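To start, the structure under review is shown below, and the notes come after it.
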Amino acid sequence: MPLTRKPLASPTARLAAFLVAFAVFIFGVAGGVAHALEPVKISREDTALDLTATTEIYSGRGEAFQVSTAPGTDGIVRRIEVRSSTEHHQGDWAVFALANVSEEQLERVIVAPHFRLVNSKLFWPDLGSQRILSITPSEGFALDRQPSDEADVFRITLNPGAVITFVAELATPELPQIYLWQPDAYKDTVNAFTLYRGIVLGIAGLLAVFLTILFVVKGTSMLPATAALAWAVLAYICVDFGFLSKLISLTAGDERIWRAGTEVFLAAGLVIFLFTYLNLNRWHQHLGYATLAWILGLALLFGVAVYDPAIASGIARLSFALTATVGIVLIAYLGFNRYDRAILLVPAWLLILVWLFGAWLAVTGQLANDIVQPALGGGLVLIVLLIGFTVMQHAFAGGAYQQGLFSDLERQALALTGSGDTVWDWDVARDRVVTIPDISHQLGLSLGTMNGPVRNWVPRLHPDDRDRFRATLDVLLEHRRGRLNHEFRARAEDGHYHWLSIRARPVLGANGEIIRCVGTIVDITEQRNSVERLLQNALLDNLTGLPNRQVFLDRLQAILLMSDGTNAVRPTVLAIDIDRYKQVNDLLGIAAGDNILIALTRRLRRLLRPQDTLARLGGDQFGLILMSERDPAKIADFADAVSKAIMVPLNYGSREINLTASIGLVSWLDQEQSAASLLDDAELAMFRAKKEGGNRVEPFRPAFRTSGSDRLQLEADLKRAIERKELSLVYQPIVRLSDAEVAGFEALMRWDHPKRGNVSPTEFIPIAENSDIINQLGMFAFDQATSDLSEWQIQTGDLPIFVSINLSSAQLLNSGLYDDVRAILNKNRCDPAKVKMELTESLVMENPEQARLVLEKLREAGLRLALDDFGTGHSSLSYLTRFPFDTIKIDKALVRDPSDKRGVVLRSVIAMARELDMRVVAEGIESEEDAIQLAQMGCDYGQSFLFGPPVGSESILRLLKERFPLMKRA
């Protein structure tokens, strides 16, 4: 850079120079030239000086800058001119002067930090950048820049007695801080801060990894939220401590984006942690919506940070402060409500408030110490460490705060009361039996009938059980040890026998004799009846009379056990599926489909020999165990004969029906293969034949297993879903259109798969219907829904609401459905008039007569029945009067029909329902106008996302308490 000086020596010249300098000073004030400065005096003892206050900033002075130097030792003020080193310089300059008052040469470094949290401001904060492009002294050449990623560092040498003015070319109009350091002292300070930063970074990294590992091990929701906050803190201090620049190459602009992004990440992490840890959605549904909107807003800030980091950082800092403020209010409120999570979080949140106050003092410039910024970074790590301890204490304690509220005896008494079992207490010494509560009431007897001597029980027992009951008690008394685990039948007042189960243990006295026998007695009549019904229906298909799937597998397994590896016993399994069977059902009706299956069964039986087995595996699928043929060519001929037998036309009424079949074939070769895997292979081959267009025989190949593994795995997972408590129910409101009040809820099943996440019901319900677990799923849904309804009634009173539960075709064809439903209603003490069973038209038409009988029995039990998806089939009108439905649900396709005739069709359907004294529910209402129009037509109820999405039982309970505040019990 050009530098001009005009030294003057003689007194006359000095006087002239003074006059010239004075004129320059006057001209500089008037014309824009900077005036001379007061130099900062430095000595040998000075290790660090803050030059910020003595440095003058000049903005917008162009690329050529003139300044008057500080008076030298001779008192002369000189005028110098400095030109910018870059074409895009904004004309921002800084001027300061230094005077060496010692008698020796001094080495110093000028340091201008890129980023300072101190005085960085809350709104539109200064996120740092390069501060000084170059520094030109009034004597000598421009200063050499020292390498540094965190500051602009220039090395200077000051001769004894020298007074030098320095002109700094600024990259930005702001210069937050500028220091003059003794080189060794600056190096030691940098090393000390580097060691501190390394320790803090190590702790933060270990903490983030540790919390992540805990999340994998424990899996509770609060652990990933805490781990996310720990990673956010780690990212923030990585940028703040300059560690990120060591890993990747960053420009000044990139560092500002990263700094703003980590501040947004930190603000979002705190919001997510507060919401998850306090489980705010449990307290009010709107809190979940507000938090989601908050997080989405912060997520948008990541994009803003790329274009304007200052705005993103300012909003993130405000969000962090607002989260801390809202958090202390929520913690105080929930703490007073004795919510243990809120109480545990108090120390950590107080530390957050202290940290927030210190950060506010720093960014506003009221706290300007050099250690403030690294101390605040370490404080964040300390906060996450305390939060991590708090979360681990709660996650692994398992609710330890409640463990000390009850003694062991009280806890056992509460468990017994909660189980609903009856206490059976036999005082052996006095020969007196007492049951609490009195079991006489369950048997319809007068109170106290079953209390008294144990011999009073014998006449009430079934004749076949009396001797066994007496013998069991005698053996217990004789051996004076063991347990009483006995099932017997007791006659009730109405003459029916109840199955009772006693489980008890003896209590020995000081002499070793039994003085009491205490345990529980449970009425297991419904369970035993269910077992008997299952045993009766476990063998044959009720339509074709063929063995069912389980019997088929049992016979196949028995055959495999008989095999010795020779050709003497080598079964071949065929899986047969009728092509286009569903189209025949849709065209001719379910009755025609049933007759077709019976006719095909007769044809296939004619092809079998005594050692072969034919079974109906489900729907239109048959299984066949071929034992009469072992030669591959003859097996192929037999499969072709099966295919041709099915292809023979069938006459039904005046129609000729032509059917084909997809057949999968597999022969047993692997000694380790089981019956189930052999049938699975045959079905995989059958599915491949169907994919190839049907009407073909497909031998099994091992490559088929890959395509069917996902479906089989899903079916296997579904069988264990109930045990693992992965299935749950949600409820969608059904609203009365006349006054927009909640009238009931439809129970919908959800499956939260541990690996696949939420699995759609449209995916797993068909799998359940094609296997043997649909009845189990259906009873689980009915049990859970009636239990939730009873709990709502207990909590809110007798509300005018109902619950609709969907019924599957497999359940409808189960002869034990009525008994199972009645048992669940009695167990949950649920009013059957408030339970509505929903069936689709297609399910009813699969077996109309069987469906009518079952539905009439359900109707007699007090249940209400609804016909779902009305308007989507072809035969609904002809069956409405034959089945005891009291409600029809208009399908959403008809409600949303855009054609002009929609209103005419809807009015006709609603008027017809009115004439039949039925209620009408419209599904899929999209707007309030449609709801008003349907109400005017006479539609009773509406169900859609317009009135509310499906939510959990706890949310429904809060909704009922809000909508019916006056219905609570006294």
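Bear in mind the structure is a predicted one, so any value in this text is a computation, not a measurement.
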Go through the structure and list residues passing side chain to side chain contact (heavy atoms under 4.5 Å, CB included) with [X], not counting sequence neighbours.
X	value
Ile524	Glu487, Trp499, Ser501, Val522, Gln527, Arg528
Phe275	Leu280, Asn281, Thr291
Val730	Leu748, Arg750, Pro950
Ala823	Glu526

Salt bridge (charged side-chain N to carboxylate O under 4.0 Å, His left out) against [X], all qualifying residues, sequence neighbours excluded:
X	value
Arg549	Glu683
Asp680	none
Lys582	Asp586
Glu926	Arg896

Hey, does the side chain of [X] reach the backbone of [Y] with a donor-acceptor pair shorter than 3.5 angstrom?
X	Y	answer
Tyr581	Gly593	yes
Asp739	Glu741	yes
Ser955	Val951	no
Ser944	Ile925	yes
Glu493	Leu443	no
Arg958	Lys961	no

In sequence, state the C-alpha distance, the side-chain angles, and the governing distance for Asp717 and His753, and then conclude on side-chain hydrogen bond (donor to acceptor under 3.5 Å, both in side chains). CA-CA 8 Å; Asp717 292 346; His753 194 282; 2.7 Å; yes

Beyond-backbone contact of [X] with [Y], side-chain heavy atoms, under 4.5 angstrom:
X	Y	value
Ser927	Asp930	yes
Leu839	Asp868	no
Ser804	Phe745	no
Val803	Trp792	yes
Glu726	Arg720	no
Val920	Thr887	no
Asp788	Ile956	no
Phe622	Thr601	yes

Straight-line distance of [X] [atom1] to [Y] [atom2], nearest 0.5 Å:
X	Y	atom1	atom2	result
Arg580	Asp620	CZ	CG	12.0 Å
Met749	Phe780	CE	CZ	6.0 Å
Glu791	Thr796	CD	OG1	9.5 Å
Leu617	Gln550	CG	CD	11.5 Å
Asn658	Leu650	CG	CG	8.5 Å
Ile439	Thr422	CD1	OG1	5.5 Å

NZ/NE/NH1/NH2 to OD/OE distance under 4.0 Å, Lys889 and Glu923: yes

Less than 4.0 angstrom from a charged side-chain N to a carboxylate O is my criterion; do Asp886 and Arg919 meet it? no

For the pair Thr660 and Asp579, evaluate side-chain hydrogen bond (donor to acceptor under 3.5 Å, both in side chains) and give the outcome as yes or no after the intermediate values. CA-CA 5 Å; Thr660 59; Asp579 300 328; 2.9 Å; yes

Run the numbers on Phe947 and Gln732 for side chain to side chain contact (heavy atoms under 4.5 Å, CB included), then give the verdict. CA-CA 9 Å; Phe947 306 115; Gln732 186 171 30; over 6 Å; no

Under the side chain to side chain donor-acceptor pair (under 3.5 Å) test, which residues partner Glu860, sequence neighbours left out? none

Test: salt bridge (Lys or Arg N to Asp or Glu O under 4.0 Å). Region: residues 823-835. Which pairs qualify, not counting sequence neighbours? Asp783-Lys827, Asp798-Lys834

Just checking Arg602: does its CZ atom have more than 12 heavy atoms from other residues, nucleotides or ligands closer to it than 6.0 angstrom? no

What do you reckon, is NZ of Lys690 surrounded by more than 12 foreign heavy atoms closer than 6.0 Å? yes

Criterion side chain to side chain contact (heavy atoms under 4.5 Å, CB included) on Cys830 and Val835, from CA distance to verdict: CA-CA 8 Å; Cys830 182; Val835 179; 3.7 Å; yes

Go through the steps for Ile932 and Gln936 under the test side chain to side chain contact (heavy atoms under 4.5 Å, CB included), then give the verdict. CA-CA 6 Å; Ile932 295 173; Gln936 293 173 350; 3.6 Å; yes

Please report, to 0.1 Å, the donor-acceptor pairs under 3.5 Å made by any side chain of residues 905-918, with sequence neighbours excluded.
| residue | atom | partner | partner atom | Å |
| --- | --- | --- | --- | --- |
| Ser908 | OG | Val904 | O | 2.8 |
| Arg914 | NE | Gly938 | O | 3.3 |
| Arg914 | NH2 | Gly938 | O | 2.6 |
| Arg914 | NH2 | Asp940 | OD1 | 3.0 |

Side-chain donor-acceptor contact under 3.5 Å, Trp751 with Ser728: no

Taking it one step at a time, do Glu746 and Glu838 satisfy side chain to side chain contact (heavy atoms under 4.5 Å, CB included)? CA-CA 9 Å; Glu746 182 179 3; Glu838 291 189 10; 3.2 Å; yes

Kindly state each residue pair satisfying ring pair (Phe, Tyr, Trp, His ring centres under 6.0 Å) with at least one member in residues 909-931, sequence neighbours excluded. none

